[in-house]
Amino acid sequence: MGKSQAPKDPMGQHVRVHYRLMDCHAWRALSPQARALWLDMARQAGATRNGLIGTHLKDSQGDRTGLHGRGWTSHHTVLRAARELECLGFIEKEMQGGKCGGGKTPNLWSLTHLDVYDNPHKGVHAHAATHAYQRWQSVEQASEALRALHSKKVKRQKLPLLAADSALSGEKLGADSAMQPKPKGQKLPLAEPVQKARKTSKHAGSQPVSKSMPDLRPTMADSAEPNSYAIGRGQIGAVGKPQAARLAPRDWRH
């Protein structure tokens, strides 16, 4: 009688997460995003694809293993979760991709609890599972490693201004300070105000206040009939016209 085969799972293929892995200190220190990424990476590994796992969002080179179709939308979130998994020893980088790798291929990762098969055309060599996540002795130790990982920030070094000025001589500093523009808050002194002559009034007989610019317009005092206001207005209105001679009144009695 032949050997009976094991019954197939009616739900199909699946990802196995052993208790040994879930109960370790490193797994308990992971963030929820890192655990979700590990499950999606285990889905890509399958039975023989461990070592060819990618963390790219979009599909590339004909494969449909992009994480965008599984709800991942942020490169920063995926990168942060992948760094946690690599720091605690759940994944290892098999091949460097991106611009650092000299092309547009994504990084290739492997799960440390599974064996890696040889894949020469991808540059991946076969090796046994390392189980690097077991090196942590406590949850606090693994959490401290994650805090140190996320606290690493590259800051630009800014030199103080006094350090650059100290190399200059005193004479050069004085010349440079004289050429520098004045600060915005400092106000320049105002020039002395120029006294302007006040305009003369339009009414006849008014005298100008300022003596610097005398008024040369004719007034009623300069007219031929200073005692007659009507004749004075007529002379001013008819400028340049000859004045008509006044006739003596006739005596109608003769």
Side-chain angles (χ1 to χ4, degrees), residues 5-6 8-9 11-72 74-137 139 141-143 145-146 148-150 152:
Q5 296 181 356
K8 295 183 179 179
D9 192 336
M11 297 294 294
Q13 295 180 348
H14 56 276
V15 174
R16 298 180 64 182
V17 185
H18 299 86
Y19 291 165
R20 180 183 177 185
L21 187 143
M22 294 181 63
D23 294 340
C24 67
H25 303 297
W27 182 267
R28 295 166 60 185
L30 286 175
S31 64
Q33 293 80 7
R35 296 178 185 179
L37 181 62
W38 185 92
L39 292 175
D40 287 335
M41 296 177 71
R43 168 65 178 83
Q44 295 183 36
T48 59
R49 286 182 54 85
N50 190 29
L52 304 178
I53 305 171
T55 56
H56 50 282
L57 293 182
K58 297 182 180 180
D59 300 340
S60 62
Q61 296 184 354
D63 60 7
R64 298 182 179 180
T65 59
L67 297 176
H68 183 75
R70 296 189 173 275
W72 298 90
S74 174
H75 289 277
H76 176 73
T77 305
V78 175
L79 180 60
R80 183 185 178 93
R83 286 178 177 176
E84 289 188 13
L85 294 174
E86 184 182 15
C87 177
L88 298 186
F90 289 98
I91 61 175
E92 291 180 354
K93 186 181 295 184
E94 297 294 336
M95 189 185 71
Q96 177 68 44
K99 295 182 180 180
C100 298
K104 297 182 179 180
T105 58
N107 297 332
L108 296 182
W109 302 87
S110 64
L111 302 176
T112 57
H113 72 288
L114 298 177
D115 298 336
V116 178
Y117 296 95
D118 195 11
N119 201 331
H121 66 281
K122 290 288 186 178
V124 178
H125 303 285
H127 60 83
T130 59
H131 299 282
Y133 52 87
Q134 295 181 354
R135 67 177 181 268
W136 305 102
Q137 303 298 327
V139 181
Q141 186 182 7
S143 301
L146 292 181
L149 173 67
H150 297 320
K152 292 181 180 179

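Between Leu37 and Ala82, the closest heavy-atom pair is CD2-N, 3.5 Å. Summarising the geometry of Leu108 relative to Val124, their closest heavy-atom pair is CD1-CG2, 4.3 Å, with the distance given to 0.1 Å. Closest approach of Ala145 to Trp136, counting heavy atoms only: CB-CH2, 3.7 Å. Smallest separation of non-hydrogen atoms from Ala26 and Ala142: CA-CB, 4.2 Å. A pairwise comparison of heavy atoms in Asp115 and Ala129 identifies OD1-N, 2.8 Å as the closest pair. Gly89 and Ala132 make their closest contact through O-CB, 3.6 Å (heavy atoms, listed as atom of the first residue, atom of the second, distance).
Judged by distance alone, the side chain of Asn107 and the main-chain N or O of Gln96 form no donor-acceptor pair under 3.5 Å.
Between the CG atom of Asn119 and the OG atom of Ser110 there is a distance of 12.0 Å, given to the nearest 0.5 Å. Note that the CE atom of Met95 and the NZ atom of Lys93 stand 10.5 Å from one another [nearest 0.5 Å]. The NE2 atom of His75 sits 10.5 Å away from atom NE2 of His56, with the distance rounded to the nearest 0.5 Å. Rounding to the nearest 0.5 Å places CG of Asn50 at 7.5 Å from CD of Glu94. In this structure, CG in Leu67 is found 8.5 Å from CE in Met41, a value given to the nearest 0.5 Å.
Every side-chain contact (heavy atoms from CB on, under 4.5 Å) that His18 has, sequence neighbours left out, goes to Arg16. For His131, the ring-ring contact (aromatic ring centres under 6.0 Å, His included) criterion is met by Tyr133, not counting sequence neighbours. In this structure Thr130 satisfies the side chain to side chain donor-acceptor pair (under 3.5 Å) test together with Glu92, sequence neighbours excluded. Residues meeting the side chain to side chain donor-acceptor pair (under 3.5 Å) test with Thr55, sequence neighbours left out: none.
Trp109 places none of its side-chain heavy atoms less than 4.5 Å from the side chain of Leu85. The shortest distance between side-chain heavy atoms of Thr112 and Ile91 does not fall below 4.5 Å.
Among residue pairs with one or both ends in residues 21-33, those qualifying as side chain to side chain donor-acceptor pair (under 3.5 Å) are Ser31-Glu84; sequence neighbours excluded. Annotation: ring pair (Phe, Tyr, Trp, His ring centres under 6.0 Å) contacts involving residues 110-130, sequence neighbours excluded, comprise Trp38-His113.
By the neighbour-count criterion of 12 heavy atoms within 6.0 Å, atom NE2 of His76 is sparsely surrounded, having that number or fewer from other residues, nucleotides or ligands. For Arg35, the CZ atom sits in a packed shell: over 12 heavy atoms of surrounding residues, nucleotides or ligands are nearer than 6.0 Å. Environment of CZ in Arg135: crowded, with over 12 heavy atoms of neighbouring residues, nucleotides or ligands closer than 6.0 Å.
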